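Only one structure is covered here, and it is reproduced in the block below.
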Amino acid sequence: MSVLPSYQQNKQTITFTFPTPIQFTVISPAIIRVFIDRGESGQSYAIEDDKTVTTDFQVKDAGDHYTIQTAALSVNLDADQHIDVFDKNGNALITDYRGPREHLKGVDKVHKRLVEAEGHSVTQAPTKSDKGYYEIIKSLSPDEYIYGLGDKTGYLNKRGFAYDNWNVDNPAPQLEILPNIYKSIPVMLGLKNGHPYGIFFDNTYQSHLDMGKESDHYYFYSAVQGNLDYYIIGGTTLKDVVTNYTYLTGRTPLPQKWTLGYQQSRWGYSASEEEVKAIADNLEKYDLPCDAIHFDVDYMNGYRVFTWDKDKYNGNPKKFITKLQKRGLKVIPIIDPGVKQDPDYHIYAEGLKKGYFVKAANGDVYINKVWPGKSAFPDFGRPEVRKWWANNGKFLTDLGVAGIWIDMNEPATFEGPIPDDTVFSDQNTPSTHKKMHNVYGHNMAKATYTGLKEQTGNRPFVITRAAYAGTQKYSTVWTGDNRSMWPHIQMMIPQLCNLGLSGFSFTGTDIGGFASDTTPELLTRWIEAAIFSPLLRNHAALGTRQQEPWAFGEPTLSIYRKYLKLRYRFIPYLYDLFAKESQSGLPIMRPVVLNDDQDPRVRDLNDEYMVGDDILVAPVVQKSQIKRLVYLPAGNWVDFWNGTEYAGKQDIVVDAPIDKLPLFIRQNTILPWGPAVSHISDAALHAMTFRVYGNQGTYQHYQDNGRDFKYQDGEWNNYTISVEHGKASVKLTHHGYQPVYQQVTVELADHAVTFNYDADHESYVEK
Ligand code: MIG
């Protein structure tokens, strides 16, 4: 038995003097950082500012181990450097694995060659060729579920699968066997014997998370390089863990309200003004509410970013953008990082002159091919380059665009991967692609956010494909190139739910599917299933079958319209959820387990989700299905469509013909019911309706101008709507924004009550 080392304490950091010291920092009662310096310098990209709060804790010497104890967690460290974490009741949360490794068996060379020749891949024991490699291995209980991990493919429970954190644009169909796609968000949330915890591994180098694929007895994290730097996150519920994690890495800020409206996109539209105009005309003609049209790469001049091919826009894109705006449609153009290598192109010339592009190890500007052909890549790790990029966005905001969609920022390249040693800056220090790859999209998003904020004064709407932990502070995300196939409408639910658990609350998939050809049935089920996804955008690839709502005629068009109209009714509710989320980090679209982590039945539920605490959505995501089994969690539930009441904790069979999305509201819930509109207008609403599901309840409703940052100076209202003993009341419980609703209607089961605003008393009086 080795002896315990001594330790030093500096404020809330305790350093144990092993040959390689291990440091623990108590960030808050439920967050403890574990750190081993392995020679890496630089700041975190995920965590900005010092998050440490003054916290009471003790370090105890228990003879064969030390214990660091806070009100929420206790962490044991023994002489062999084992780290074991328990909650305040002594339940094990994260414990080092002490048994032997149980590597997946490979095959001998001859057989390996044979199976590979047939196109199969062979699993081998992990190679540790990188000299910076390390791994940490934690034990798995038979009853343990793992969530989070960002945008990974597959199911809600990540247990039994292995993943990589290395942002890639991989064209292979995104099935559950893919180790990585566009984002690296190395946070896992667990439920060990029902006890919640989280671990955030803050290392941008390529890492690997084996969540019990190699062995059912342990999970492990490994990284090719970097410091060992992880955060133990506690909480009495999974919700607390999400709140604590987002305290650390930040929360999605309140978006502009119109960004919750429907958005229409397709790669190819923006090739001409006429084509986009036809889309706008059809949206109007077919009475389809919509707030934005996305402009993919075709609007640019030879794919040169921050240019607009005027010839395609009758000489005046600004005029056209203004016209669309007047019709209630905002314009969101795409921007890629690759800058075309063309000495006559001002962005390239300036970037070159100022040294803003990443460089090959030999000092030359690094060039690879992307859409514009040979291109250079902005060195987004540098503050000055981010500033430059942000300012370049002025070209677009001057034209009147309402947001920017950023793509290809893994970064993706057409001619082979970028070599590891390509010089990318880490802030102002030259570093490597190997270290900065996973935060390339993050830094591009941050730059884009900053520019939009400065230039418009509005809450920036940025949509990024690549991201790292913490990108949620700057950008909405979409899940990249899915396909028009049933496995991908199915995956949407766990994928968006896990993104939500990983701090990303503003998310969406390409509705209808990006690649391959959709069908009327798939498109219909997709708009139904996605109708509560925060980002509601139909997008498709060039060359695929058209999938606008009208592309298939009836009945697809009418059903699509019915759901878009439903969506707009719920926008005030979604916006309320965002107002709450910006304080709590709890996602809008969430797995049932987040609301009910003690119900084993919902711990790997992949075909239902919740919207906030009170709406349960059980879409049909199987071809040809017209009835489905719905698990109702604890509580009582009201069928949204016909008011039928059900007790929870049971499975029911519901009818789900092609035009029906099974939808349930928790009994005794009050929900806002927005007006029927075709666009979210900037003008303030003068009236609001609230619907009561059941016969009592209370609801907090938030209101502000839906656009800028004035709410941060108190320009917002809060209304408390209550129904008790059959009697409704409306109170203005925070008054900072003008105008308030002049009229509020509360719809009870059998009658509606209307209240008028009495300005003298700042109160609502029943009519
Ligand atoms: O190599 O800009 O994920 O949404 O339509 C393809 C064209 C580049 C990938 C994006 C997709 C977008 C497409 N882009």
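Just so we're clear, the structure is a prediction, and the values are computed from it rather than from any experiment. Read the numbers this way: they start at 1 and go in the same order the structure lists the ligands and their atoms.
- From the protein, the heavy atom lying nearest to atom 2 (O) of ligand 1 is Asp296 OD1, 2.6 Å.
- Residue-level proximity to ligand 1 for Leu542 is absent, since no heavy atom of it falls below 4.0 angstrom.
- Tyr269 and Gln264 share a side-chain donor-acceptor pair at under 3.5 Å.
- For ligand 1, the atoms sitting less than 4.0 Å from at least one non-hydrogen atom of Ile334 are 2 (O), numbered in the order shown with element in parentheses.
- Centroid-to-centroid, the aromatic rings of Trp166 and His433 come within less than 6.0 Å.
- The atoms of ligand 1 that sit less than 4.0 Å from any heavy atom of Trp478 are 3 (O), 4 (O), 10 (C).
- Among all non-hydrogen protein atoms, the one lying nearest atom 4 (O) of ligand 1 is His539 NE2, 2.9 Å.
- What sits closest to atom 3 (O) of ligand 1 on the protein, heavy atoms only, is Asp481 OD1, 2.4 Å.
- Under the 3.5 Å distance criterion, the side-chain polar atoms of Asp517 are left unmatched by any main-chain donor or acceptor of Thr544.
- Residue Trp371 approaches ligand 1 through these ligand atoms, each under 4.0 Å from one of its heavy atoms: 1 (O), 6 (C), 8 (C).
- Heavy-atom proximity to Val297, at under 4.0 Å, picks out these atoms of ligand 1: 2 (O).
- Separation of the Phe357 and Tyr348 ring centroids falls under the 6.0 Å cut-off.
- In this model, no donor atom of one side chain and acceptor atom of the other lie less than 3.5 Å apart for Asn301 and Lys312.
- Here Trp405 has side-chain heavy atoms under 4.0 Å from ligand 1, and that is the only part of it that gets that close.
- Those atoms of ligand 1 with a heavy atom of Met408 less than 4.0 angstrom away are 1 (O), 8 (C).
- Asp281 and Lys285 are not joined by a salt bridge, as no carboxylate oxygen comes within less than 4.0 angstrom of a charged side-chain nitrogen.
- An N or O contact shorter than 3.5 Å links Arg465 to ligand 1 by distance.
- Looking only at atom types and distance, the side chain of Asp202 has a donor-acceptor partner in the side chain of Tyr468 under 3.5 Å away.
- With distances taken over non-hydrogen atoms, the option nearest atom 13 (C) of ligand 1 out of Asp407, Ile463, Asn482, Asp510 is Asp407.
- The pair Arg251-Glu581 does not meet the salt-bridge criterion, since no charged nitrogen lies less than 4.0 angstrom from a carboxylate oxygen.
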